[in-house]
There are 4 protein chains.
Amino acid sequence: MFMSPRTRDQNEEMRQRSREAIKEAALELFARQGYTHTTVSQIATRAGVSKGLLYNYFDGKEDLLYQIIEEQIELAENMMEQTVREIPDPLRQLETMIEGAIQFVLRDLDQWRLITSLAFQPEVTDRLRPLLRRNQENTLAITSEIFRKLGAEDPLKETYLLGAMLDGIVLGYVVLQEDYDLEEMKDYLLRRYIHQNYPRT
Amino acid sequence: MFMSPRTRDQNEEMRQRSREAIKEAALELFARQGYTHTTVSQIATRAGVSKGLLYNYFDGKEDLLYQIIEEQIELAENMMEQTVREIPDPLRQLETMIEGAIQFVLRDLDQWRLITSLAFQPEVTDRLRPLLRRNQENTLAITSEIFRKLGAEDPLKETYLLGAMLDGIVLGYVVLQEDYDLEEMKDYLLRRYIHQNYPRT
Amino acid sequence: MFMSPRTRDQNEEMRQRSREAIKEAALELFARQGYTHTTVSQIATRAGVSKGLLYNYFDGKEDLLYQIIEEQIELAENMMEQTVREIPDPLRQLETMIEGAIQFVLRDLDQWRLITSLAFQPEVTDRLRPLLRRNQENTLAITSEIFRKLGAEDPLKETYLLGAMLDGIVLGYVVLQEDYDLEEMKDYLLRRYIHQNYPRT
Amino acid sequence: MFMSPRTRDQNEEMRQRSREAIKEAALELFARQGYTHTTVSQIATRAGVSKGLLYNYFDGKEDLLYQIIEEQIELAENMMEQTVREIPDPLRQLETMIEGAIQFVLRDLDQWRLITSLAFQPEVTDRLRPLLRRNQENTLAITSEIFRKLGAEDPLKETYLLGAMLDGIVLGYVVLQEDYDLEEMKDYLLRRYIHQNYPRT
DNA sequence: CATGAATGAGTATTCATTCAT
DNA sequence: CATGAATGAATACTCATTCAT
């Protein structure tokens, strides 16, 4: 039977749609209920596909999780690189990156909570560690270069400390939620740390 | 043959011993393998008691977890309060608290990872939240008072930011472990942030 | 190789078959060994399905029990209503209903014992009570109407008393079994109570 | 060491008190929660003794149940025999026995429910059957003698039918409780069946 | 490609009973 | 005589994964 290229494309598109629907459903459920308390059936139901199909696209529940996380990490990474490319001024780069990180969390608290929570589960981290490390090295390189341009004495440590501040602020927000004023903390961080140390020329 | 029953004290001691053995075994296993991947049987075996006995003292696996966490949180709280009581100089108080927090994590990474990881699991947090909040308010009150004495402009925000830095640093260490030099980051934090802003008189 | 999924009807039939096999096995075992002494594994084995499948169709052991009972009660109810519809003469209706009740018990002593035994277990009765009450009201309405047609002075009380006699006779049979001549008692009931008070015209 | 008879008596009395306390607690709990859902711990706690002591006096939970039932059955038997001894007139005997049976149930619905419920549990009945049978034969002998004196055509069957009526009425009351007017049914039974067939001379 | 019925290993939990004191 | 800490066999239930269609 003759299969036109058109049909093949359509098939491919449907595949993509299903894959996306599954990932979206899983992310939503993992984030809200936690990985352990989410069942494969729930994911399939919410994605509007059968359990069997899910196993066509993913090697299982765990693999699904990893793929989601990997995608999110890469997304964040791309955003950062784009910021650096598009903005010439180092101070503005720094400000934009901080703003971006906070916006990233604000926009989707649940996703972020999921990713953060995995950082503490030894089993999970084992597979993700290479990815996290690559990401971290990348961030490190980019950010410390910015600090170097800004004339920091120890750009690497400065990067680590800024990263720690951001992580810590987000952590506080994730845990305390409405009791934690994320925006205000971000402003305080910019004013008290960044602008005090690297005044606008 | 007449056998007198155990005295009240003997019983109390037996119970305490068993309870402690169970909590110790559970903490060790939860921390190393994660809560989900630890079975009640493993805990009982490692504690050297029967599965059944565990249910005499705890309402179940979950209750056991909560009791452990609660104990650890209170332990940390007491340590902080003791520091404040025993050291008169505010700057030294701050330094000691920072050192203490880092030592707390360094000394028992697994315990700390366990406690932190719970902050992200919605189910768990519900029961723990009041305790976490109380603890946080307490820390806030004590630390912002120190910053006030040091003449900080906005002691509360300063407390939040310091907390975020500490959390972020620990987070980095938990995730990256041997690749993250915790001690060095602590020193950098003291030098770059604390001493620069609040120089020793 | 392309494999089409089962049709909706095929699935429906599979489900029905499994459900029935499970209910049948459970009824048999509950009746013979009692509810408490029957394990879910036994039921699954006897039904020729896995333990897990049982939980696809029933919420658990208890739910399984309820569904069986409900089915049996409705079965008995339908039989009675059919009797009334198909037989015009009230005296014959009464006789047939008595015969039917006795036959119901004789044909399947174990089932009947199961159902009756539940009437005394407070936990169980709570869920079943609405059904039992509806069934009882229905029986009451139909039977008292028959007595009314037969000219009884107090048809309602007469219904209660007849019901009590039947229950009592069956109770005796259930307890004493081979030592209790159920058929003879039924005949005596008909002769001594029914026919003496409502002679055939 | 010298043990005076006085002390032995006191010991014996304490033993009896403990035994009774245990049986009372068990009866209460069995009746209210059912045999299966009552734990040995609950019984011991409610009786104010230790679990261990319970095993000094009874061979276990099951033995405790049997001893309770046996005692209750014998109690009922004695009441019936006393009635017969003290009242000369057969019709009055019959009336008193019916009244007594109803009062017995009314006074302690829970106890009666327990005993009745056991009639349907195969395992239990096996041990109790000899006792039930002896009791039933005894009742049969006494009651049919009364019917014989009253001039019944078939005193034995008449006894069975009366027994069935009483059992059935009680059954209805046990199941429906407040919705079942036990007193009124008893009156109706007396008027409609007893007095109509055996009018007062 | 897609379905969902079926599986069964894995686990938390209960509770009658024992026994050292 | 009396205690209650300790035991462990027994069991209901979950859910990721498979596979016949």
Side-chain angles (χ1 to χ4, degrees), chain A residues 11 14-15 18 36-45 49-57 59-62 64, chain B residues 1-8 10-15 17-19 36-44 48-62 64, chain C residues 1-8 10-15 17-19 36-44 48-62 64, chain D residues 11 14-15 18 36-45 49-57 59-62 64:
Chain A
N11 276 341
M14 282 182 63
R15 281 174 66 99
S18 287
T36 307
H37 290 95
T38 299
T39 71
V40 173
S41 288
Q42 287 176 328
I43 298 170
T45 302
V49 302
S50 69
K51 272 202 295 255
L53 191 61
L54 191 150
Y55 280 87
N56 276 359
Y57 294 142
D59 278 348
K61 190 183 170 187
E62 208 175 304
L64 179 52
Chain B
M1 189 154 118
F2 184 82
M3 297 289 209
S4 60
R6 294 188 197 87
T7 66
R8 190 187 301 271
Q10 277 175 320
N11 277 328
E12 181 57 30
E13 198 201 313
M14 284 177 74
R15 279 200 300 269
R17 217 201 303 278
S18 291
R19 273 187 71 92
T36 309
H37 292 97
T38 299
T39 71
V40 173
S41 288
Q42 287 175 330
I43 298 171
V49 302
S50 68
K51 262 199 308 237
L53 191 62
L54 195 150
Y55 286 89
N56 279 4
Y57 298 130
F58 302 94
D59 279 347
K61 190 181 165 186
E62 205 175 307
L64 177 52
Chain C
M1 191 157 124
F2 185 83
M3 297 288 210
S4 61
R6 294 187 197 88
T7 66
R8 191 186 301 272
Q10 278 175 319
N11 276 332
E12 181 57 29
E13 199 201 313
M14 283 178 74
R15 280 200 299 270
R17 218 202 302 278
S18 291
R19 273 186 70 92
T36 307
H37 292 98
T38 299
T39 71
V40 173
S41 288
Q42 286 176 331
I43 297 170
V49 301
S50 68
K51 258 196 314 235
L53 192 62
L54 193 149
Y55 287 89
N56 279 2
Y57 298 131
F58 302 93
D59 280 346
K61 191 180 166 188
E62 206 175 306
L64 177 52
Chain D
N11 276 340
M14 283 182 62
R15 282 173 66 100
S18 287
T36 307
H37 290 94
T38 299
T39 71
V40 173
S41 287
Q42 287 176 326
I43 298 170
T45 301
V49 301
S50 70
K51 273 204 294 255
L53 191 62
L54 192 150
Y55 281 86
N56 276 356
Y57 294 143
D59 278 348
K61 190 181 169 188
E62 207 175 305
L64 180 51

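Just so you know, these numbers use all the heavy atoms, side chains as well, and skip hydrogens, waters and symmetry mates. Just so we're on the same page: letters track the sequence lines, and every chain starts at 1.
- Atom OH of C:Tyr57 and atom P of E:dA5 are 5 Å apart (whole Å).
- Between C:Arg6 atom CZ and E:dA6 atom P there is a gap of 7 Å when expressed in whole angstrom units.
- In this structure, D:Leu54 places its CG atom 11 Å from P of F:dT3, rounding to the nearest Å.
- Partners of D:Thr39 according to the side chain to side chain contact (heavy atoms under 4.5 Å, CB included) rule, which considers only residues two or more places apart in sequence or in another chain, are D:Ser41, D:Gln42.
- Here F:dA6 presents its C1' atom at 7 Å from CE of B:Met14, a figure rounded to the nearest Å.
- Atoms CZ (C:Phe58) and C1' (F:dA12) sit 16 Å apart, rounded to a whole Å.
- Taking 4.0 angstrom as the limit, C:Arg15 places a side-chain polar atom (N or O) nearer than this to OP1 or OP2 of E:dA5.
- Considering only residues two or more places apart in sequence or on other chains, A:Arg15 meets the side chain to side chain contact (heavy atoms under 4.5 Å, CB included) condition with A:Glu12, A:Tyr57.
- Listed by chain and residue number, C:Arg19, C:Ile22, C:Lys23, C:Asp63, C:Leu64, C:Gln67 satisfy the side chain to side chain contact (heavy atoms under 4.5 Å, CB included) test with C:Phe58 (two or more places apart in sequence, or in another chain).
- D:Asn56 is linked by a side chain to side chain contact (heavy atoms under 4.5 Å, CB included) to D:Leu53, counting only residues two or more places apart in sequence or in another chain.
- With a 3.5 Å limit on both pairing distances and Watson-Crick or G-U wobble geometry required, the stems of 3 or more pairs in DNA chain F span E:2-21 with F:2-21.
- Whole-Å rounding puts the C:Arg8 CZ to E:dG4 P distance at 8 Å.
- If A:Ser18 and C:Ser50 are placed on DNA chain E by their nearest nucleotide, the residue sitting closer to the 5' end is A:Ser18.
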Can you give one letter per nucleotide of nucleotides 10-16 of chain E, going 5' to 3': B for a protein heavy atom under 4.0 Å from the base, S for sugar-phosphate only, - for none?
-> BSSBBBS

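- Spacing between atom CD of C:Gln42 and atom P of F:dA10 amounts to 12 Å, rounded to whole angstrom units.
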